[in-house]
Trainee: 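Sharing a structure, written as structure tokens. Questions coming.
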Amino acid sequence: MKIKPLSNALGAEVTGIDLRQPQDPDTIKALQSAFVENLVLVVRDQEDLSPEDQMRFCEFFGPLGARARPADDRPEKADAPAEVMFVSNRKEDGRFIGSLPEGEMQFHMDQCYTERPARATCLYGIAIPEKGGDTVFGNLCAAYEALPKDLKAIVDSSRARHVFSYGSTSTDQVDDAGKTTEYVQPMAVLQPETGRPSLYVSRLMTRQITGLEDAAAREVLDLLFDHQERPEFLYTHKWRRGDLVIWDNLCTVHARTDFDPAQDRHLRRFTVAGAPLKAA
Ligand code: SIN
């Protein structure tokens, strides 16, 4: 197995491993260390990976997470594992079979609007459009480190409200009166293994800073979003079929670029369960 960095910001590429096979303890340890250090792992060339293979890989990093599901959502097949979610624009009987089917998606952390956001998210690329549909990752630990003093002081002492309107991919679509869910989290949270602080806010889902007037909170949040989306903190993942990608969902933020809705894009997702977040 070889592990090499993908960018100056974050991410490492893993090659020379076949995840359809069980792995020895040293390999698992190397993957765990690379995950903690690089925050995103891209395991290449994983052809024909079954849901069980993907679940076994996720369990190297912790117990499998349940998926948060709106009541009228359904998995692709009745016999699919309960934890699976498809990020997919495929349709059956005129209905999308998965979630987040189309279009650009703004930066966010998965499940930040719940008490226990996933520790990690893992996507497997089954069908990839010819162009676009890239996933862009941001390093929130590096973004925290580089904060100017005045913003760091606010982040260190504040909590923020995260809201998700199911299925929305940009703040234009958020319907605060509709099918939404929300939770208040510290704005600086710790990476559990290292104690590194992470700037835990995102453009798509963070709405308010507790204790600040709306206008003041908006101003601070806009500065933080612009800061964390600076190119030096980002890695853009251009998907290949057979890529298995796992990311640290506490220390990274991710977004998706637009793509042609007529092209097939089908990714299979599992998560690693998380715990209540610790403030830095
Ligand atoms: C997601 O935000 O979980 C989906 C990312 C993607 O479709 O690339």
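Position 1 is the first residue of the sequence; numbering continues from there. Counting starts at 1 for both ligands and their atoms, following the listed order.
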Trainee: Any luck finding a side-chain donor-acceptor pair between Gln191 and Asp248 under 3.5 Å?
Mentor: yes
Trainee: Here's a test for you: under salt bridge (charged side-chain N to carboxylate O under 4.0 Å, His left out), which of Lys4, Lys2, Lys238 qualifies with Glu13?
Mentor: Lys4
Trainee: Is the closest side-chain heavy-atom distance between His227 and Phe233 below 4.5 Å?
Mentor: yes
Trainee: Protein residues near ligand 1, heavy-atom distance below 4.0 Å?
Mentor: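 Around ligand 1, where the cutoff is 4.0 Å for heavy atoms, the contacting residues are Val87, Leu100, Met105, His108, Asp110, Thr135, His254, Arg256, Arg265.
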Trainee: Quick one, Thr121 with Asp110, criterion side-chain hydrogen bond (donor to acceptor under 3.5 Å, both in side chains). Give me CA distance, side-chain angles, the key distance, then yes/no.
Mentor: CA-CA 8 Å; Thr121 303; Asp110 294 331; 2.8 Å; yes
Trainee: Answer yes or no: is there an ion pair linking Asp264 with Arg90, defined by an N-O contact shorter than 4.0 Å?
Mentor: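 Looking at Arg90 together with Asp264, the answer is yes, because their closest N to O distance falls below 4.0 Å.
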Trainee: Can you confirm whether Val42 sits close enough to Tyr235 that some side-chain heavy atom of one is under 4.5 Å from a side-chain heavy atom of the other?
Mentor: yes
